[in-house]
Number of protein chains: 4
Amino acid sequence: MKTGKEYVGSLRERKIEVYLFGEKVENPVDHPIIRPSINSVAVTYETANDPKYEALATATSHLTGEKVNRFNHIHQNTHDLVKKVKLLRLLGQKTGVCFQRCVGMDSLNALSSVTFEMDQKLGTTYHERFNEYLKYVQTEDLMCCGAMTDPKGDRSLKPSQQADPDLYLRIVEQKNGGIVVTGSKVHQTGAVNSHEVIVMPTRTMRKEDKEYAVSFAIPSDTEGLIYIYGRQSCDLRKLEESKIDLGNAKYSGQEAMIIFNKVFVPWENVFMAGEYEFAWPLVNRFSAYHRQSYGGCKSGVGDVLIGAAATIAEYNGVAGASHIRDKIVEMNHLNETLYACGLACSSEGQKTLSGTYLVDILLSNICKLNVTRFPYEIVRLAEDIAGGLLVTLPSEKDFRNPEIGKYVNKYLKGTEKIPTEARIRILRLIENISMGLGAIGYQIESMHGAGSPQAQKIMIERSVNIESKKKFARILAGILEEE
Amino acid sequence: MKTGKEYVGSLRERKIEVYLFGEKVENPVDHPIIRPSINSVAVTYETANDPKYEALATATSHLTGEKVNRFNHIHQNTHDLVKKVKLLRLLGQKTGVCFQRCVGMDSLNALSSVTFEMDQKLGTTYHERFNEYLKYVQTEDLMCCGAMTDPKGDRSLKPSQQADPDLYLRIVEQKNGGIVVTGSKVHQTGAVNSHEVIVMPTRTMRKEDKEYAVSFAIPSDTEGLIYIYGRQSCDLRKLEESKIDLGNAKYSGQEAMIIFNKVFVPWENVFMAGEYEFAWPLVNRFSAYHRQSYGGCKSGVGDVLIGAAATIAEYNGVAGASHIRDKIVEMNHLNETLYACGLACSSEGQKTLSGTYLVDILLSNICKLNVTRFPYEIVRLAEDIAGGLLVTLPSEKDFRNPEIGKYVNKYLKGTEKIPTEARIRILRLIENISMGLGAIGYQIESMHGAGSPQAQKIMIERSVNIESKKKFARILAGILEEE
Amino acid sequence: MKTGKEYVGSLRERKIEVYLFGEKVENPVDHPIIRPSINSVAVTYETANDPKYEALATATSHLTGEKVNRFNHIHQNTHDLVKKVKLLRLLGQKTGVCFQRCVGMDSLNALSSVTFEMDQKLGTTYHERFNEYLKYVQTEDLMCCGAMTDPKGDRSLKPSQQADPDLYLRIVEQKNGGIVVTGSKVHQTGAVNSHEVIVMPTRTMRKEDKEYAVSFAIPSDTEGLIYIYGRQSCDLRKLEESKIDLGNAKYSGQEAMIIFNKVFVPWENVFMAGEYEFAWPLVNRFSAYHRQSYGGCKSGVGDVLIGAAATIAEYNGVAGASHIRDKIVEMNHLNETLYACGLACSSEGQKTLSGTYLVDILLSNICKLNVTRFPYEIVRLAEDIAGGLLVTLPSEKDFRNPEIGKYVNKYLKGTEKIPTEARIRILRLIENISMGLGAIGYQIESMHGAGSPQAQKIMIERSVNIESKKKFARILAGILEEE
Amino acid sequence: MKTGKEYVGSLRERKIEVYLFGEKVENPVDHPIIRPSINSVAVTYETANDPKYEALATATSHLTGEKVNRFNHIHQNTHDLVKKVKLLRLLGQKTGVCFQRCVGMDSLNALSSVTFEMDQKLGTTYHERFNEYLKYVQTEDLMCCGAMTDPKGDRSLKPSQQADPDLYLRIVEQKNGGIVVTGSKVHQTGAVNSHEVIVMPTRTMRKEDKEYAVSFAIPSDTEGLIYIYGRQSCDLRKLEESKIDLGNAKYSGQEAMIIFNKVFVPWENVFMAGEYEFAWPLVNRFSAYHRQSYGGCKSGVGDVLIGAAATIAEYNGVAGASHIRDKIVEMNHLNETLYACGLACSSEGQKTLSGTYLVDILLSNICKLNVTRFPYEIVRLAEDIAGGLLVTLPSEKDFRNPEIGKYVNKYLKGTEKIPTEARIRILRLIENISMGLGAIGYQIESMHGAGSPQAQKIMIERSVNIESKKKFARILAGILEEE
């Protein structure tokens, strides 16, 4: 397994084409906007090398029998599923942001069972290919970007009905050695920090959308790939010398769009090419895993925000006020509910035909739908506790200024024993998570990552057995005889 | 194990003193107000005898190695804890009410570990006594009432400070053969349907409240015990000949207050007598188990209500309306969140010193706090879907009346294929759960059973590790160095 | 204006055909199930005769210049609209239930402006007829039942598409002297306590539904009318001798269904007969007024429940606990929000062509949509504060029983100075409003009265100027030039 | 009255000491960070000069009889109060941000009645002084900053108990010609854009805090005043050339802290100097007015966000989806509830002794408490509708880049007819309000401006007549006789 340092070093070897603020980035690894997001991924490597977390952060490969980073592991039982959630919570606590590596993990696991079932039904040989690829990923300890979401254009139209046929990524040519694809994937978490890009379709496909039913993996610096970095709230603060105003100076998340410009993919890396009836199972399983993930990582970030709120309450001298205590209990209550849902869909996981364990699909959707709601209320409560200073604080430069720094220091002091700087720092962290760089991961990603709330509602409707519930009711009401 | 019939028969053998509507009830088993609540308990016996549910509803005694009803089983691992939740959901679905047997189950499990730890610390021999008692309960397959809540009088005062010293149950005399107790226990779920009453203290006790730190078990028809039946919304409908208006004609819950009038308890049945420092652990563990229970039974009753709402929507011809579908998804979402919390606190359970498994205390409190909220919203949505007819329906007698029955039949018809009677029946079931007899269990018990919401908030505050969260925040904010 | 006594007396003169529990009621006025609902209406008469409330409860007729009961007044300005809300809040506080007279008030006001506009457009003479009728109602100080809701059958079908054409009330014959109608109106609040029944259509009508576009007024004992009394949660308690268990012994609401069996209506009482394009305006205006009403009456009942919760907190010795105080603040907050919405739609009322003032339609729908939510949360909080005794209390008969009454008295005592009976009484009042007789008015009527929530959502969608909002956004985003 | 241009010009004449990012700002008026906030204030001048808005945006001075900008008007009746709310909503719609001028308006109105009552009770002459000052403000059409919030230090300590006595602003010296004050005011909305600073105490004062009970007005460039500009989410985007990424390029809010360094105030500008018993009335009235304000301005900004959400739904091709329509209805519902509360506390306003009209204090607190909640849910719904692109969008510079701009343009297109740029612009506007510069005003100011939620809860507890509610309940429960 790679160390954190080795991971960062390995990123330098790629020839990756990245654009940011309208300019090509020569050295993404050391770019101040990008680096904090690399640091977050690095923690997934460091933790796996920390003996304290060995049981949580590593696993034994079912293919090679070797110890691998859990992020590249295929779940072999419900304990693996539960440990995943606990690992993600831990990493959320350590970074306070999205550490970007779950998407790849969830893609690998989804492909693991779906390729098996495709082969069973269609006589293809995707599963073996996939296992070869997986061995490579596990052995090299690679960071994979899971690329699912297409731009989608007009959402009321299917892929093949769009004015521009590229608005969903598609096979534009089949060659002897492989396929050629064109299109784009958007909202690509951690894409620029990845070794590999694993592409999957984004929705149910029908026969007429056959060319869009495509899944494959390629190195992130494959020719024809262009990454355009997404800009985020407060990103420019990373360019400042003073770091306090960032709130969380070391870590951040990352979102990018990837352009696929006639990209060639060799057959050994192709896991679906036209088998449209398996597009939905792949989407569905990936989504289920990823909706589970959020019960872990988001409750970890929630812990940070709760801790920050409790700290500022202490610094303000109000930690004992009953309404403050009640709000912190409520934040914890909501946060633990997310975690409980993440655990429940894991411990109720089931073995699929390939042997890979899948989470309980209904409960993972329940988990995610709560994730689209509770972090918002937790943020609201944190902002309530933080006080108005959260958004009226002068900059660190003012605090350091020889003329006026003394006033900032004097007047922004809270309780006597706490230095003003500590109070400023904790407020900036709350700002980061509630409306700055951290808010992208904690709020909007909570809303839309792994599918928007309506997608979860649809899955809940499909997954519950409403007929059995109607039967319970009709029996008790005396309309139906009990069997 | 007893069959349902044997259970009902065994109740007749007791000489139990019950008052209802100001009158002594000679034959509680056949009293129309009481009987439906006995039917609900009987289902816990029937299910255990149903081969289909053997794995869920029975277990192997860790004392005798015999198959026992799960309600009398001591949890030996997290699977037992998970199965408990699933069993309770099943029974909620089958009865639509509180089936009353969890209180005893949770009392037995709490006593199992606490008596062990008392003995370890104090050199007492309560655990052995308890195990003897447990064997008896398991072998005879008894229904136990768990009696915890004292009347409490003025809640701002401690037991020994009350104007009337009996407002908490207490030892009034110690004899050679045992103790004599006086007091009352209120909100006694299923008390009149029990073979045994297991008494526990209701709160933390201090030295000055020593006489109140008392736990024991006695047969429910012990001399000196008086049961006063609690009256409930719509209880008088049970006395009517027509049964449709009941909504759920077969099943109901039961609440009673028990008066302890100088009741003698032999030493072999005493599990605590003055060891005040163990009052809180006993309360705490019982509460944790019972807060877990609600993640099962209440989601089962929730299934019934969801099924009833889906049925009436169909009968009204609006099942396909998007706002109706959305509301049913929301009801399911809330209901499954309760279940997920019940599962999570179970699968995260831990072994105690005695070997008995205890649920995760934080998560079981999270579960219960959600239970104090979501059933109310589920009811609100059910009432929304049901329509105003829910409370303007004429009585069954009007429907049967030769003069006007035809009008009721004609004008209260919904979609063409569904008989009016079916529509009336399903509306009455919704009425039952939302404001009638079922509402006691589904709403107010959800609020106050196993402790009122503020009790859960206090436990959440105590159980979360707020200092570690503050540390995560201070590290990320740069106030504290990472270790 | 009639006194309360005169009102009750006048009811005896009617030959009204009422069925209750499958039997014809000879003397509805003195029937113990019905009488409390008459008492509530009587308060609307008594208040108008109380000099203290003259400004609120009476008004000057714009037709006769005489002082009339405000319930029969046509709003002449926004002050009238505001006073209506304040009067309804007062009556809610005095009765704790639905006092049933707003439906008539809102029907009269809606007809006042719609008949005027019909005449203007179609050259009919409905407005004059209506004014003659109004003078009669004002002079005789009559209680009018506003009858709008048809049974509706299969909700996915229009009136003329139903399997049974009578599922919406319709004109079955036109005669020289008037029309003959057949059908039913359901959810008829206060119908049995009325002198007059004012019928209106229940929805938009199209040409093919012409015969269903009908509005008229008739005495409540007109031949062919049959009233079937709706049964309600806990109604049988009214038949008991002991009155404490009722919670609110003096007052209740009332719902009935009315059968119209070939009922003849003379032309002078007909206000619409086939003018289908005015069905919707009439429904819309009535609904707007009635949605306003709820901002008054429901906040009045809310006051009672808040007062009851504060009282039981005091009796339990916990009035000073911070979480209790917080909950009572929250109950007040929600309750006052309803009131604020009621006031706002009134003070923003506008003059219609007839001179009658109409509430702001958007804001009255906002008011009502909040009413479908907040009373439920207020009830939930009241149940939280009340404690479990709310549903485990023995009956009054047990309390009065010579054998066991002493135990009830001893053990259900709260703080020392408050008699147990007072504690029982206040708990029964909370039970009444949260799940007993009062819950019908405070909860389900809040949900469905004046239209179910979806009806308000549709009106909100129609009433807001979404295009202007999109314009504000596009201008600020730089997509559109500011004009 | 000044025009917008004249206002901006007049700001240049001040010699104001402003610090921003650690540097002294020589020309605040043209500083790209500051200017958008000046533009927002300018709209309050422009609107008053627009004949279309004359009735709303201007009023007749009760002192001079001249037409004045409504922001400098003293409310003479409830119509003035209602018009204020409507004006603020209009300006919120036009700017999408906080336009900063209400604080001064609310300060002037609060001082108007409180100085009158001080004089009545204490025989002082503050009211005359104040009226002279008001005439000057009205005639010159000045922008006033209302300075209330002190830094407060340790919130568990009173002003005179703080380790640093300056943590609340105080009189440090009394001279012949006036007073000398030292301290700071934080969260000063629009301070740098003001001509005048009106200082008020921030809380109840007792005798020992006498020197802190001080109110006065001074020109914003008085010697000894230093302004330190607060930094805000995404502020650096204002420094970029490309303006699309700002979302709202023209307008923003402004927060600053003001340092008072031994500032001399002549007696004619002093409105309170030690009359500690009037500190609370002044705070209370200012707060009541300011809590009313939010019912107007925040619903105006809400309109912009709703419009933006409806626009992006259209651009994405999902405007007709039932769940999208439902969310937009919900956003409107919440937004109009805020407005309704603003209107209600206005139309229920009362005349004070001085003749100045004061809002209904209970209802203005209800209004504000809703404002601390609903904008957060409106934002959550807007983010739901917007989709993940909200936070993954590349920068405008990428869009303009000759190499990759074409890809951004191609792949971020929504429905066919809408240019990609329009879609980007509307998403940036939503980002602005939900987490960027606009979020400060729409969310955190909604939470803490005019007092944090707990302050409103305390006022609601004090303002409701809980005893009368308890009486209603006890009468209906039969505990108390009706009078």
Side-chain angles (χ1 to χ4, degrees), chain B residues 19 21-22 151 153-157 163-164 184 186-187 226 228-234 236-237 245 255 257 259 316-318 323 376 380 383-384 387-395 397-398 400-401 404 407-408 410-416 431 435-436 439-440 444 447-448 452-454, chain C residues 19 21-22 151 153-156 163-164 184 186-187 226 228-234 236-237 245 255 257 259 316-318 323 376 380 383-384 387-395 397-398 400-401 404 407-408 410-416 431 435-436 439-440 443-444 447-448 452-454:
Chain B
Y19 282 83
F21 295 150
D154 184 334
R155 271 139 189 77
S156 64
L157 303 174
D164 178 344
S184 170
V186 292
H187 321 323
I226 305 172
I228 310 177
Y229 214 85
R231 85 166 307 175
Q232 302 190 328
S233 177
C234 300
L236 294 175
R237 290 196 195 173
D245 294 358
E255 301 292 336
M257 65 186 286
I259 310 299
N316 288 345
V318 296
H323 75 96
Y376 285 84
R380 197 184 72 83
E383 291 182 2
D384 183 348
L389 204 53
L390 185 64
V391 296
T392 68
L393 263 183
S395 65
K397 286 177 190 155
D398 294 307
R400 305 287 181 215
N401 177 285
I404 57 161
Y407 297 123
V408 177
K410 172 187 172 80
Y411 286 115
L412 297 191
K413 197 142 174 38
T415 49
E416 212 188 335
E431 185 197 30
M435 76 191 86
I440 283 86
I444 292 82
M447 179 64 82
H448 294 291
S452 304
Q454 189 61 12
Chain C
Y19 281 84
F21 296 150
D154 184 334
R155 271 140 188 77
S156 64
D164 178 344
S184 171
V186 292
H187 322 322
I226 305 173
I228 310 177
Y229 214 85
R231 87 167 303 177
Q232 303 191 327
S233 177
C234 299
L236 295 175
R237 290 196 195 174
D245 293 358
E255 301 292 335
M257 65 185 285
I259 311 299
N316 288 345
V318 296
H323 74 97
Y376 285 83
R380 198 184 73 84
E383 291 182 2
D384 183 348
L389 204 52
L390 184 64
V391 296
T392 68
L393 262 184
S395 65
K397 285 176 189 155
D398 294 306
R400 305 286 180 216
N401 176 287
I404 57 160
Y407 297 121
V408 178
K410 172 187 173 80
Y411 285 115
L412 297 190
K413 195 142 175 40
T415 51
E416 212 188 335
E431 185 198 29
M435 75 192 86
I440 282 87
Q443 292 178 80
I444 293 82
M447 180 63 82
H448 294 290
S452 303
Q454 190 61 13

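Every value quoted in this text rests on a predicted model; they were computed, and no experiment measured them.
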What part of [X] gets within 4.5 angstrom of chain C, counting heavy atoms only: side chain, backbone, both, or neither?
{"X": "N401(B)", "answer": "side chain"}
{"X": "R400(B)", "answer": "neither"}
{"X": "Y229(B)", "answer": "backbone"}

**Closest contact, heavy atoms only, G317(B) versus D154(C)** =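 The pair with the smallest heavy-atom distance is CA-OD1, 3.6 Å.
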
**Request:** Check each of L393(C), D245(C), T392(C), D398(C) against R231(B) using the side chain to side chain contact (heavy atoms under 4.5 Å, CB included) test, and report the only one that passes.
**Result:**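 Result: among L393(C), D245(C), T392(C), D398(C), D245(C) is the only option passing the side chain to side chain contact (heavy atoms under 4.5 Å, CB included) with R231(B).
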
Counting heavy-atom pairs closer than 4.5 Å to chain C, which one of [options] comes out on top?
{"options": "I404(B), I440(B), L157(B)", "value": "I404(B)"}
{"options": "G387(B), S156(B), A439(B), S452(B)", "value": "G387(B)"}
{"options": "V186(B), D164(B), V318(B)", "value": "D164(B)"}
{"options": "K413(B), E416(B), E383(B)", "value": "E383(B)"}
{"options": "M257(B), R237(B), K410(B)", "value": "R237(B)"}
{"options": "H323(B), E255(B), E431(B)", "value": "H323(B)"}

**Message:** Using side-chain heavy atoms (C-beta onward) and a distance below 4.5 Å, is M435(B) in contact with I444(C)?
**Reply:**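 Side-chain contact under 4.5 Å: yes.
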
**Item:** Max heavy-atom pair count under 4.5 Å with chain B, selected residue of P151(C), G388(C), C234(C)
**Value:**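 That would be G388(C).
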
**Prompt:** Are Q454(B) and D384(C) close enough, and set up right, to give a side chain to side chain contact (heavy atoms under 4.5 Å, CB included), and what steps lead you there?
**Reply:** CA-CA 9 Å; Q454(B) 189 61 12; D384(C) 183 348; over 6 Å; no

**Between CD1 on residue I259(C) and OH on residue Y411(B), distance to nearest 0.5 Å** =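 One gets 6.0 Å once the value is rounded to the nearest 0.5 Å.
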
**Item:** Residues that R380(C) engages under salt bridge (charged side-chain N to carboxylate O under 4.0 Å, His left out), provided they are two or more places apart
**Value:**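 Listed in chain order: E377(C).
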
